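What follows is a set of notes on a single structure, which appears directly below.
In listed order, ligands and their atoms are each counted from 1. Nothing here was measured: the structure is a model prediction, and the numbers come from that model.
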Amino acid sequence: MSKKSLVAKDLHKIYRRGHKEVRAVNGIDFEIKSGSSVLIVGPSGAGKSTLLHMLGALDKPTSGKILLEDTDIYKLPDRDRAMMRNQRIGFVFQFYHLLSEFTALENVMMPALMNSGSLRIAKHIIRKRATDVLRSVGLENRMDHLPSRLSGGESQRVAIARAIMNEPQLLLCDEPTGNLDSNNSESIYEILFSLKEKNGMTIVIVSHDEKLVPRVDSTIRLKDGKLA
Ligand code: ADP
């Protein structure tokens, strides 16, 4: 049987706004195979981001569970879940979220520096790996630039480099090209899909872009918090 990297079981997320309940995710089950690419599509408000945040150990479901390689992630103590998120999950967001005071290289080093105490990794090794990762996304000439001196496409490539710095098994992308033109979008998708091939990581992409459907291994369609 093929290995299941990510399993959602009867997943619910209910937000409360005053007296009103919003059922953002309303009973979802699926299994994602390890090393596959998955697209989550659906209209605005369908629950895509809420689902992605729950998959990424960022937001606790109201009920149901998520298993990452057989670990029930919301059963872990908060500290262990945070460590698991840092070591095993990478995130790419629409608006990059780079730290403006730090260079591209320093931004990419950050997730590994946060780990380095527990893993006893020397800073020069982290710097070398960050340099290699930035080179792999074509940014060898931008390492010392602050985010304000990078284009949108370059910023997203730095964000991808940062996301894969700790060699996660799961890469979650929330509208990764939502702020980019079509040329830059294409190069971001080329990088993401080649990472999947080269590193064998599972990639989950939330997007409005139906053109991605033929390029991924499977598609999850959401509507009103349910599988459509
Ligand atoms: P999508 O990503 O598909 O656009 P979201 O997951 O952002 O959908 O939102 C799903 C529903 O949950 C929407 O009705 C949205 O308004 C609501 N929602 C999302 N986040 C919150 C929140 N923090 N508090 C209250 N309602 C929320």
Side-chain angles (χ1 to χ4, degrees), residues 5-32 36-68 72-74 76 78 81-82 84-86 88-98 152 155-156 159-160 162-163 168 170-182 184-186 188-189 191-193 196 201-228:
S5 147
L6 190 58
V7 178
K9 286 193 176 163
D10 198 21
L11 208 55
H12 291 256
K13 180 73 185 184
I14 303 174
Y15 292 112
R16 285 175 216 286
R17 274 196 207 130
H19 294 298
K20 241 184 95 189
E21 274 188 353
V22 179
R23 292 181 174 268
V25 168
N26 197 9
I28 286 182
D29 293 86
F30 57 75
E31 296 186 344
I32 293 175
S36 65
S37 57
V38 179
L39 178 67
I40 301 179
V41 283
S44 185
K48 304 183 296 297
S49 296
T50 303
L51 175 60
L52 200 76
H53 289 161
M54 290 194 288
L55 295 178
L58 286 171
D59 196 7
K60 199 175 164 90
T62 307
S63 63
K65 59 175 135 181
I66 294 168
L67 308 176
L68 177 60
D72 187 339
I73 60 179
Y74 291 99
L76 293 173
D78 290 352
R81 188 165 56 252
M84 186 209 70
R85 188 167 56 232
N86 187 249
R88 292 166 60 181
I89 306 175
F91 295 90
V92 178
F93 299 101
Q94 180 175 355
F95 294 108
Y96 329 128
H97 297 306
L98 300 177
S155 298
Q156 194 60 304
I160 292 172
R162 179 184 56 186
L170 175 63
L171 186 62
L172 301 175
C173 310
D174 197 354
E175 299 279 4
T177 63
N179 205 31
L180 300 176
D181 62 28
S182 59
N184 275 306
S185 298
E186 182 48 33
I188 291 299
Y189 284 122
I191 290 171
L192 290 175
F193 291 127
K196 188 208 104 158
M201 60 179 75
T202 307
I203 298 194
V204 181
I205 303 168
V206 161
S207 175
H208 282 95
D209 190 352
E210 290 279 340
K211 287 201 295 297
L212 288 173
V213 172
R215 298 176 71 175
V216 292
D217 298 318
S218 60
T219 298
I220 294 173
R221 290 187 181 277
L222 283 191
K223 195 171 176 232
D224 299 330
K226 296 185 177 192
L227 298 184

Side-chain donor/acceptor of Gln156 to backbone N/O of Phe95, under 3.5 Å: no
Just jot down the ligand 1 atoms closer than 4.0 angstrom to any heavy atom of Thr50, in number order. 5 (P), 6 (O), 9 (O)
Could you check whether any side-chain N or O of Arg215 sits under 3.5 Å from a backbone N or O of Ser37, counting only pairs where one atom can act as donor and the other as acceptor? no
Starting from atom 7 (O) of ligand 1, what is the nearest protein heavy atom, named by residue and atom, and what distance separates them? Ser49 CB, 3.9 Å
At what distance is the nearest protein heavy atom to atom 4 (O) of ligand 1, and which residue and atom is it? Gly45 N, 2.7 Å
Any non-hydrogen atom of Gly42 lying under 4.0 Å from ligand 1? no
Within ligand 1, which atoms have a heavy atom of Val22 less than 4.0 Å away? 12 (O), 14 (O), 17 (C)
Within the 4.0 Å heavy-atom shell around Pro43, which atoms of ligand 1 are there? 3 (O)
Which heavy atom of the protein is the closest neighbour of atom 12 (O) of ligand 1, given with residue, atom name and distance? Ala24 CB, 3.3 Å
Say whether, by atom type as modelled, one donor and one acceptor occur between the side chain of Ser36 and the main chain of Asp217 under 3.5 angstrom. no
Heavy-atom contact check, 4.0 Å cutoff: does Gly225 meet ligand 1? no
Kindly say whether Ile73 contributes a backbone atom to a donor-acceptor pair with the side chain of Lys65 at under 3.5 angstrom? no
Identify, for atom 23 (N) of ligand 1, the protein heavy atom at the shortest distance, and state residue, atom and that distance. Tyr15 CE2, 3.6 Å
Just jot down the ligand 1 atoms closer than 4.0 angstrom to any heavy atom of Arg17, in number order. 15 (C), 16 (O), 17 (C), 25 (C), 26 (N), 27 (C)
Are the side chain of Lys48 and the backbone N or O of Gly42 linked by a donor-acceptor pair below 3.5 Å? yes
Taking the side chain from Asp59 and the backbone from Met54, do they hold a donor-acceptor pair closer than 3.5 Å? no
When you look at NZ of Lys196, are more than 12 heavy atoms from neighbouring residues, nucleotides or ligands closer to it than 6.0 Å? yes
So which protein heavy atom does atom 8 (O) of ligand 1 come closest to, and at what separation? Gly47 N, 3.1 Å
Anything under 30° is parallel, anything over 60° is perpendicular, the rest tilted; go ahead and classify His97 against Phe93. perpendicular
